[in-house]
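These values consider heavy atoms only, across backbone and side chains, with no hydrogens, waters or symmetry-generated copies. Chain A is the first sequence line, chain B the second, and so forth, proteins listed ahead of strands; every chain is numbered from 1.
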Number of protein chains: 2
Amino acid sequence: MSLSHALLTALLEHPCSGSELADRFDRSIGYFWPATHQQIYRELAGIEKSGWIESLPPESGRGRKRDYRVLPAGEAELKRWVVEPQNPRTVRDELLVRLRAEAIVGPTYLQVGVEQRMLRHQARLAHYLNLERRDFSNPDPDRAQRLRHLVLQAGIDSERRWIDFCRTTLSILAETNPR
Amino acid sequence: MSLSHALLTALLEHPCSGSELADRFDRSIGYFWPATHQQIYRELAGIEKSGWIESLPPESGRGRKRDYRVLPAGEAELKRWVVEPQNPRTVRDELLVRLRAEAIVGPTYLQVGVEQRMLRHQARLAHYLNLERRDFSNPDPDRAQRLRHLVLQAGIDSERRWIDFCRTTLSILAETNPR
DNA sequence: CCGAACATGTAAGCCGTTACATGATTTA
DNA sequence: TAAATCATGTAACGGCTTACATGTTCGG
């Protein structure tokens, strides 16, 4: 259950409400663990019942903002989880499935999809590079900053690799272009 | 629904039964789109009902092998799907979540998990390199071969990238090692 | 002919996605 | 004060995982 622990992390960085959490997710942890607001509200309710967080003021149900903060039990749980043995990540990439299919039923116009995907990776790379310039220019970062920078660099590297891969794919597809 | 189309691809490459399909998946398409035998049986039943495949002989229910082959409608569907607009892939990587958490609650012994993960990537890389030597030594591959090779190379590249990333991570974690 | 391995299948639970609903707050 | 927006939540569905169940074939 990575989402609950991602939420604990975000709430430790800065206590806030569900909607603010959803906004912050969209431009930080959500880059490598996306979540919609529905998921976030459901999960917040769950981990509150577990005693890992508490919601502070209103209690008056719907429509009112509820701010959460992490309880000691939540921080302990997060510490425990960080070093828990990791089960192998499951990779799932649709483009690779499509390429295998194209090898059988092609040539097709798959190149159009690959081009679109390359554009998305390029846009994302540019965005990440902006974040890097903005948030990680400090010449003498502390430990936490270096770790967060490392995570961003993983994203940057990943986008670059996919752009390269799309280029290679396009050159192979082009050789027997259906037109 | 990538799984159904991955199954169509595998069945086009070579018609076979569910259990054989599950075996073959484990050492080809399953590298980038894993599936258990339960998923595969369920999905086969589904796409047979859709009229994309047909099962040949026994029909006598449980325990008996059932061989499937792709119908023309299935091949048409696969062709359609290959060029269908792709929705952005969703990335989900637990290690990156852990690193963000470690930046807050650390230092911890996360390095142990990172080392384990690096070992897994190294093992997988070695395996992929063996496959490459075995299946892609042909000096003059045809289009389909080149595309399949490309997919394997994506896997090789990915493993190398993760190994590098684990190394960098370990060096940053080591600087403030708990002990 | 009996037990092990094989082949297929069922069931429950979790997580994620999508669509929709309702109460509160802001703004024109 | 009505409409738009914000904040929270419900409901339904689908795919994946895990555990289990049932029938068939094969090897000793």
Could you check how far [atom1] of [X] sits from [atom2] of [N], rounded to whole Å?
| X | N | atom1 | atom2 | result |
| --- | --- | --- | --- | --- |
| L44(A) | dT10(D) | CG | P | 13 Å |
| H37(B) | dG23(D) | NE2 | P | 16 Å |
| F25(A) | dT17(C) | CZ | C1' | 16 Å |
| E94(B) | dG16(C) | CD | P | 11 Å |
| R66(B) | dT25(D) | CZ | C1' | 17 Å |
| Q38(B) | dA19(D) | CD | P | 11 Å |
| E48(A) | dT8(D) | CD | P | 12 Å |
| I40(A) | dC15(C) | CD1 | P | 15 Å |

Roughly how far apart are R100(A) CZ and L78(B) CG, rounded to 0.5 Å?
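With rounding to 0.5 Å, CZ (R100(A)) is 12.0 Å from CG (L78(B)).
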Starting at CH2 of W52(A), measure out to CG of L44(A) and round the result to the nearest 0.5 Å.
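Rounded to the nearest 0.5 Å, the CH2-CG separation comes out at 12.5 Å.
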With respect to the side chain of [X], which nucleotide from [options] is positioned closest?
| X | options | result |
| --- | --- | --- |
| W33(B) | dT18(D), dT8(C), dC16(D) | dC16(D) |
| R42(A) | dC15(C), dC16(D), dT8(D) | dC15(C) |
| Y41(B) | dT17(D), dG9(C), dG16(C) | dG9(C) |
| L3(B) | dT8(D), dT10(D), dC16(D) | dC16(D) |
| R92(A) | dA19(D), dT8(D), dC16(D) | dC16(D) |
| K65(B) | dA7(C), dT17(C), dT18(D) | dA7(C) |
| S19(A) | dC20(D), dA7(D), dT8(C) | dA7(D) |
| R64(A) | dT8(C), dT25(C), dC20(C) | dT25(C) |

If every non-hydrogen atom of L71(B) is compared with every non-hydrogen atom of G51(B), which pair is closest and at what distance?
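Heavy atoms of L71(B) and G51(B) come nearest at CD1-O, 3.5 Å.
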For side chain to side chain contact (heavy atoms under 4.5 Å, CB included), just list the numbers for F165(B) and L96(B), CA-CA rounded to whole Å, side-chain angles, deciding distance to a tenth of an Å, and then say yes or no.
CA-CA 11 Å; F165(B) 182 76; L96(B) 301 182; 3.7 Å; yes
Report which part of the nucleic acid E43(A) touches: base, sugar-phosphate, or nothing (heavy-atom distance under 4.0 Å, all strands).
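Answer is nothing: E43(A) stays at 4.0 Å or more from every strand.
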Can you list the steps and then say if H121(A) with Y128(A) is a ring-ring contact (aromatic ring centres under 6.0 Å, His included)?
CA-CA 10 Å; H121(A) 286 301; Y128(A) 285 170; over 10 Å; no
Considering just the side-chain nitrogens and oxygens of Q39(A), establish if one lies under 4.0 Å of OP1 or OP2 belonging to dT17(C).
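Yes, because at least one side-chain N or O of Q39(A) sits under 4.0 Å from OP1 or OP2 of dT17(C).
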On DNA chain C, check which nucleotide each of A35(A) and E20(B) is closest to and give me the residue with the more 5' one.
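In this pair, the answer is E20(B).
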